[in-house]
Student: 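Supplied in structure tokens, the structure appears directly below.
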There are 2 protein chains.
Amino acid sequence: MKRPTIADIARRAGVSKGAVSYALNGQPGVSEATRKRILSIAEEIGFNANSAARALSGARARAVGLTLCRPARILGIEPWFMGLISGFEAELGARSYALTLQVVATPEQEVEVYRRWWGERRIDGVIVTDIREDDIRIPVLQQLQLPAVVIGGPGDTGPIAQIWSDDAGAITEAVRYLVALGHHKIARVSGVPDLLHTQNRTKAFQNVCAALGLDNAITIPADYTGEEGSRATRRLLIGGDRPTAIIYDNDVMAVAGLAVAQEMGLSVPGDLSIVAWDDSPLCSLVHPPLTALSRDISAYGAQAALELLNAIDGKTVGNVEAGRVHLTPRGSTAPPR
Amino acid sequence: MKRPTIADIARRAGVSKGAVSYALNGQPGVSEATRKRILSIAEEIGFNANSAARALSGARARAVGLTLCRPARILGIEPWFMGLISGFEAELGARSYALTLQVVATPEQEVEVYRRWWGERRIDGVIVTDIREDDIRIPVLQQLQLPAVVIGGPGDTGPIAQIWSDDAGAITEAVRYLVALGHHKIARVSGVPDLLHTQNRTKAFQNVCAALGLDNAITIPADYTGEEGSRATRRLLIGGDRPTAIIYDNDVMAVAGLAVAQEMGLSVPGDLSIVAWDDSPLCSLVHPPLTALSRDISAYGAQAALELLNAIDGKTVGNVEAGRVHLTPRGSTAPPR
DNA sequence: TCCCACAACTTACCCGGTTCAGTGATGCGG
DNA sequence: CCGCATCACTGAACCGGGTAAGTTGTGGGA
């Protein structure tokens, strides 16, 4: 099947290619009557502008890129990324921007992908996740002048806009809630320690515990996988002075921790209270359902996409904080016995 | 920063644009010495061919499309799609093909997206998942002559290649295993009934149960979500003649089923054995870990991508069966009390 | 010595939009 | 009634690669 082009429309309408282009793009230069005629012909023959031709003539590629730098076995089970992606799509789809995805193994590969995408003019901007301290991607993005939005932070990303959620406030709320229930020995199993938001959470956790006079408030670093979550939980529970509550940096590790506790014959929440970060169906699926720090990941993604589109349009975008995180109490938390 | 073009290379090498194009694409028409010189200059200045220009001049867009038509809350937690995507990337990335993603709400929207992508020349082919009986996407893909590969089946997709896994064999194995353990009352909680592979599984389940003389082998339709999984499980367990084993069409529903059983005071596997379809970290995360029908989803995706790339290259591709599904016994299955 | 084949290029046009510099036609003020 | 601005549109150049057709230059065979 042959694809219709603006030349076809021009022929049918008895005008030049240029006039068709003006009409389709809402530019001045054609009369209202002609514009309507052209638009109805375009509609009739099912015209879609060739994205390559459009991108070539200096316009946008109408696509944004996202690299995912986590092992496949985590990507699959972590609701986080898919939630984010659905959010992006809500905004991108509305403007018929495409989302281009690439799974990579290392930050170095991410940089390579950015360079290639830029060279190929394949995308107009990128969404950057899993930001680290002194992230190597930031200077590259600046050098290439590639519009970008960073998810996570706050941290130093120069002129590149950031979106983050109030992790410090959230963990403070969780700790206060556990203390209010009567807990004094609270531990935390964190995500990958290099990530900026992990560091922010760890700092906030230490601060609130110090402020409330909790000692023994340790953070065990893990990597978001169930295996590491189990291992960290076992380490915490076999110690002599075991915690009565554990906060996990994601839902997968929290579920793994729950399984370890049950395996060791501990009752949840009787012997151990559990709080998960990021509420997903996973948390309400298990028994008992997990108390979680909820946030609207999809809305978070939508906001990030919107910021990126603004950045692509040359509008200056500032750093913004996404919608609030709130504690959703469920069956996994209770006063300690 | 200005992006280097073949004209820049041509100037530096003292040859014409045409010669550079031949050299970069491995075409005959330049001497080995010149080719090497051109390639080294390209390397040196970090040249990447503008994908728009390339796509415009009749060549490929070097991108394939994937539409996801499931509600966001399932996409997030189902390891299936992300596993598939990682698999695609393994093959696509190696050939620097991009993967373009679009989340949609209905099959009608999927058709629209296919049409738009085709009109925009944005992609060279699509990967079709969640195939239904008389799927409306198939005739459209044929009409547009858009290269495609269908994941799921077998079923009637005309000239479009399919990849499926041996669902019938897998469920037969699972039922035989449960019968060998001593179970006689086996039920199944299925995925969305419209999907072709659900129907294939249901048929195979009925066949094997009939062959083994099991009556009462009912299938309750659900939709892959934890909520529906819980509901179906409750329906099965409150009945007078309750099953001693349940097979679930995905891992999420199986985990939900486990939670329902525990909530009702039933012991797993003592009172109820559970088998999950598709093994993911989720299955080994819970307590007890779930016996599962495992398959290498990532390899499945990689094979699908490879078939699609072949189809794009004009090679005729046949229907293929992906790697075997095998039963992984874990703690959730045992002889009934 | 001449002719031909062939390698090694160059030239020029194509893809399909975007955009800028024209070109008539029209309207309007003085 | 003239001059000028404005509108509605045309024509052509352009983006950056791909590629068919044309042009050299060289060597070999007769």
Side-chain angles (χ1 to χ4, degrees), chain A residues 1-39 41-42 45-63 96 116-124, chain B residues 1-39 41-42 45-63 96 116-124:
Chain A
M1 237 180 105
K2 198 189 163 302
R3 282 163 248 247
T5 70
I6 53 167
D8 299 325
I9 300 180
R11 209 173 312 119
R12 298 245 282 196
V15 294
S16 69
K17 285 198 323 174
V20 175
S21 176
Y22 290 139
L24 293 175
N25 294 305
Q27 302 277 85
V30 280
S31 66
E32 226 19 68
T34 310
R35 186 187 304 276
K36 272 194 187 139
R37 192 154 44 91
I38 289 173
L39 286 176
I41 292 174
I45 64 177
F47 172 80
N48 282 296
N50 182 323
S51 62
R54 198 175 243 172
L56 187 55
S57 53
R60 319 250 90 111
R62 296 189 79 79
S96 63
R116 184 161 57 75
W117 278 346
W118 173 83
E120 293 179 345
R121 255 199 172 80
R122 211 181 250 288
I123 47 141
D124 300 323
Chain B
M1 236 180 108
K2 200 194 161 298
R3 296 166 174 86
T5 69
I6 53 167
D8 298 327
I9 300 180
R11 208 175 311 119
R12 289 245 240 174
V15 293
S16 68
K17 282 199 327 174
V20 175
S21 177
Y22 290 137
L24 293 175
N25 294 305
Q27 301 278 88
V30 280
S31 66
E32 231 10 77
T34 310
R35 185 188 305 275
K36 272 195 185 138
R37 192 155 45 90
I38 288 173
L39 286 176
I41 292 174
I45 64 178
F47 172 79
N48 283 296
N50 181 322
S51 63
R54 200 175 241 174
L56 187 56
S57 56
R60 318 249 91 111
R62 297 189 79 79
S96 63
R116 183 161 57 76
W117 277 346
W118 174 82
E120 293 178 345
R121 256 199 172 79
R122 210 180 250 288
I123 46 140
D124 300 322

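The chains referred to below are lettered A, B, ... by the order of the sequence lines, with proteins before strands, and numbering in each begins at 1.
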Student: Less than 4.0 angstrom between a side-chain N/O of B:Ser57 and OP1 or OP2 of D:dG16, yes or no?
Tutor: no

Student: Give the rounded distance in Å between these two atoms: CD1 of A:Ile6 and P of D:dC14.
Tutor: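 In whole Å, D:dC14 P and A:Ile6 CD1 are 18 Å from each other.
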
Student: Nearest heavy atom decides the nucleotide; on that basis, is A:Thr5 or B:Thr34 closer to the 5' end of DNA chain C?
Tutor: B:Thr34

Student: At what distance, to the nearest 0.5 angstrom, does OG1 of A:Thr5 lie from CG of A:Asn48?
Tutor: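 Rounded to the nearest 0.5 Å, the OG1-CG separation comes out at 12.5 Å.
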
Student: Please report the interatomic distance CZ(A:Arg35) to CD(A:Gln27), rounded to the nearest 0.5 Å.
Tutor: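 Rounded to the nearest 0.5 Å, the CZ-CD separation comes out at 8.5 Å.
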
Student: Tell me: NZ of B:Lys17 to P of C:dC13, nearest whole Å?
Tutor: 12 Å

Student: How long is the gap from CZ on A:Arg62 to CG on A:Asp124, to the nearest 0.5 Å?
Tutor: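 Output value for this atom pair is 8.5 Å.
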
Student: Nearest whole angstrom, please: distance from the P of D:dG18 to the CG of B:Leu56.
Tutor: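 Value for this atom pair: 11 Å.
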
Student: Grab the CG-P distance between A:Asn50 and D:dC15 for me, whole Å please.
Tutor: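 Whole-Å distance recorded here is 18 Å.
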
Student: When you measure from the side-chain N and O atoms of B:Arg54 to the phosphate of D:dG18, is any distance below 4.0 Å, counting only OP1 and OP2?
Tutor: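 It does, given that an N or O in the side chain of B:Arg54 lies less than 4.0 Å from OP1 or OP2 of D:dG18.
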
Student: According to a strict under-4.0 Å criterion, is B:Ser31 in side-chain N/O contact with OP1 or OP2 of C:dA7?
Tutor: no

Student: Send over the distance from A:Arg60 CZ to C:dG17 P, rounded to a whole Å.
Tutor: 19 Å

Student: Calculate the interatomic distance between A:Gln27 atom CD and C:dG17 atom P; express it in whole Å.
Tutor: 16 Å

Student: Under 4.0 Å between any heavy atoms, over every strand shown, what does B:Val15 touch: base, sugar-phosphate, or nothing? Just pick one.
Tutor: sugar-phosphate

Student: Within the distance-only criterion (no hydrogens, no angle test), does the side chain of B:Asn25 pair as donor or acceptor with the backbone N or O of B:Tyr22 below 3.5 angstrom?
Tutor: no

Student: State plainly whether the residues B:Glu120 and B:Arg116 are in salt-bridge range, i.e. N to O under 4.0 Å.
Tutor: yes

Student: Could you give the CG-to-C1' distance, from A:Asn48 to C:dG16, as a whole number of Å?
Tutor: 14 Å

Student: Checking contacts here: which listed nucleotide (C:dT10, D:dC9, D:dT10) is nearest the side-chain heavy atoms of A:Val30?
Tutor: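 The closest nucleotide is D:dC9.
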
Student: For C:dA7, does the base pair up with any side-chain atom of B:Tyr22 as donor and acceptor (N or O, under 3.5 Å, distance only)?
Tutor: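 Looking at the base of C:dA7, it does not pair with any donor or acceptor on the side chain of B:Tyr22 (distance under 3.5 Å).
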
Student: What nucleotide, of C:dG17, D:dT10, D:dG18, holds the atom closest to the side chain of B:Ser21?
Tutor: D:dG18

Student: Between C1' on C:dG17 and CD1 on A:Ile9, what's the gap in Å once rounded to a whole number?
Tutor: 11 Å

Student: Which part of the nucleic acid, if any, lies within reach of B:Gly119 when heavy atoms closer than 4.0 Å are counted: base, sugar-phosphate only, or nothing?
Tutor: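 Counting heavy atoms under 4.0 Å across all strands, no contact is made by B:Gly119.
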
